[in-house]
Structure formats: structure tokens, C-alpha cells
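Values below: every heavy atom of this structure, side chains too, minus hydrogens, waters and symmetry copies. No experiment lies behind these values; they were computed from the predicted model shown. A, B, ... follow the sequence lines: proteins, then strands. Residue 1 opens every chain.
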2 protein chains.
Amino acid sequence: MAASIDSELLRGSLDLMVLAVLADGPKYGYLIQQQLRDTSGSRVDLQAGTLYPLLHRLEADKYVRTRWETETGRRRKWYELTAAGKRRLQDQTRAWQEYVECLRAFVGSSAPAPRTA
Amino acid sequence: MAASIDSELLRGSLDLMVLAVLADGPKYGYLIQQQLRDTSGSRVDLQAGTLYPLLHRLEADKYVRTRWETETGRRRKWYELTAAGKRRLQDQTRAWQEYVECLRAFVGSSAPAPRTA
DNA sequence: CGCTATGTATAGCACGGCTATACATAGGAC
DNA sequence: GTCCTATGTATAGCCGTGCTATACATAGCG
């Protein structure tokens, strides 16, 4: 079992991860949570108390729009990226990559290269 | 001028950066601050209110030992890695690299490769 | 004599991830 | 019928850490 990522490292990256997950189509909260866990190999497993306030922030900032699904038995809230959300994703991605480059100057360049697969 | 790194991204990495800076010999606070700014190309410029509490934490956790320099006119507090601090640096470095790999699975592999220079 | 750089320190704020708790329905096990 | 789990969303309050503001002291220059 892979160790989970430290919470403090996750701070400032979680928004980016959620925006990235939403980039390939609308999803509801529980689904986002699962995809984060699956794609990260269980290294990122958000509790509901982390995920939902985060989604509410993204909504308040107009990075996502929402729609309640009430037709089926399940009560679900779907989240979809807005145009601003897509720009935000690009900006955050760029900022994150710059951060990684910057940190490498300190921890050395012995880090594994990004997978090209 | 390079934009400074977002505070939230820095969280969880600052300890690592300071430990890394201390890896090539003892330094006092003001010197650490300068080296962080220089090596990062001004992307990381810690205020005193951030740096000193951080150093105090590292000391309380026994990752560094300290020595006051009082002989000269300048009153300086030198920080030096302990054995535990060196282990901590290795562990944090490993954890950080794992975090980066993990995040790449979300933001894509289009990131620039680490410099081999 | 004042101004800047050097040098360390603390108090209190802001923010976001955390745990704990709450509530509701679907569906299988018993 | 009832229990248990998975599904699904939500809020309250704690906690760690980076932030600003403030404080104090000396060296050195104009």
C-alpha cells in the first residue's frame, strides 16, 4: 500500500487536482473523490469534510457551475468547469510546474524524470 | 522578475527547503533567508515572521542544534543539522518526490524534465 | 544624527485540510 | 422486517503554518 501524501504538501494542490479531474467532463462529489483515490493509487483519499467545502469554494469563485440531479433515487450535485475554471486550471498548472522547478533547485536534480508514457 | 511562489504551495515544503539549505553547513537565520531568495531567483522570500518560528520548530523537534555567536558585534544564532535532521531531510525529499509524481498523474506529463546540469 | 542593512523575536490573523457528526436512500444479507 | 454497508451531501470546530505587524538592537555610511 502506497503511503498517503502529507496534508501540508497537499495544501495548495488540491484545488488543482479537482479542477484537473473535472477537465474531462462533469462529475459529482462522490465520483470526484473516487477518481482522486484511484488515479493517485490511494495516496489521495479525501474525506467528505475536505472535499465538499473545497467544491463549495470553487463554486463560490465561479470556477465551477452546479446542477442538482433529483430525478433518480440518488440525490447528486454535479460539478462542471466554467470558462474561468478552465483558465484557472491552466494558471494553477503553470504555477505548480514553476513551483516544482524551483524546489528542485534545493532538493537536487536526482529526482526521477516525468513519465513520458 | 519571476513571480513569487504561492504561499499555499509553499506550505509543507518550507521545512524541506530550509533543511536542504542547511545540508551544506551551519548557517544563521538571516543567511538562510538570503540563500532561499538567491537560489530561488527571488521566488521564495521569507519574512522574518515566517522564518524564525519555523527554525524554532525545527529546533524543538531536534532536527537542528543551535549556537549563539556573541563574540562579534553581531548577535547571531547558528543552526546546524543533527543526525535526525539529516534523516528528516532524506525522508522529506523522498516524500516530496512521491508527491510530485503523484500530482503529475493529474496535471499531465507535459512538465519540463528536471535539469541534469 | 538619521537612514539603511543586519539580526532576532513575538503576537495575532487567515486559510484550508482535518475529525466528528449529521442526515438520507439503495441494496444486499440474515 | 431489520441490520449493515455503500452511496451521497453537508456543517461545526480543531489545528498547523505562512502571513502581517510590531518590537528591539547594532553596524556602518552619508
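Rounded to whole angstrom, the span from the CG atom of B/Leu55 across to the C1' atom of C/dA9 amounts to 12 Å. In this structure, A/Tyr28 places its OH atom 8 Å from C1' of D/dT7, rounding to the nearest Å. Protein atom NE2 of A/His56 is 14 Å distant from nucleotide atom P of C/dG17, rounded to whole Å. Taking atom OH on B/Tyr52 and atom P on C/dT8, their separation rounds to 4 Å, with Å as the unit. The separation between A/Gln47 atom CD and D/dA6 atom P is 14 Å, rounded to whole Å. The nearest whole Å value for the distance from the CZ atom in A/Arg67 to the P atom in D/dT9 is 12 Å. Rounded to whole Å, atom C1' of D/dG16 lies 12 Å from atom CG of B/Asp61. B/Ile5 places its CD1 atom 14 Å from the P atom of D/dG18, with the value rounded to the nearest Å.
A salt bridge links B/Glu59 to B/Lys77: one of the charged nitrogens lies within less than 4.0 Å of a carboxylate oxygen. Taking 4.0 Å as the cut-off between side-chain N and carboxylate O, A/Asp91 and A/Arg94 count as a salt-bridged pair.
Screening B/Lys62, B/Arg67, B/Lys86, B/Arg65 for a salt bridge (charged side-chain N to carboxylate O under 4.0 Å, His left out) involving B/Glu80 leaves a single residue, B/Arg65.
B/Thr50 comes within contact range of at least one nucleobase, with a heavy-atom separation under 4.0 Å. Heavy atoms of A/Leu51 sit nowhere under 4.0 angstrom from any nucleic acid atom. Contacts of B/Gly49 with the nucleic acid, taken as non-hydrogen atoms under 4.0 Å apart, include base atoms.
With hydrogens and angles ignored, no donor-acceptor pair closer than 3.5 Å exists between the side chain of A/Arg57 and the base of C/dG16. Contact annotation: side chain of A/Arg11 to base of C/dG16, donor-acceptor pair present below 3.5 Å. Looking at A/Arg74, its side chain comes within 3.5 Å of the base of D/dT7 through a donor and an acceptor atom.
Within the 3.5 Å criterion, the main-chain N or O of A/Leu89 finds a donor-acceptor partner in the side chain of A/Thr93.
Nearest nucleotide to the A/Leu54 side chain, out of D/dG18, D/dA10, C/dG17: C/dG17. Which of D/dC19, D/dT9, D/dT20 sits closest to the side chain of A/Trp68 comes down to D/dT9.
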Given salt bridge (Lys or Arg N to Asp or Glu O under 4.0 Å), test B/Glu98 with A/Arg43 step by step and report yes or no. CA-CA 10 Å; B/Glu98 201 177 321; A/Arg43 286 182 189 82; 3.1 Å; yes
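Two residues, B/Tyr30 and B/Pro53, neighbour DNA chain C, and the one matched to the more 5' nucleotide by heavy-atom proximity is B/Tyr30.
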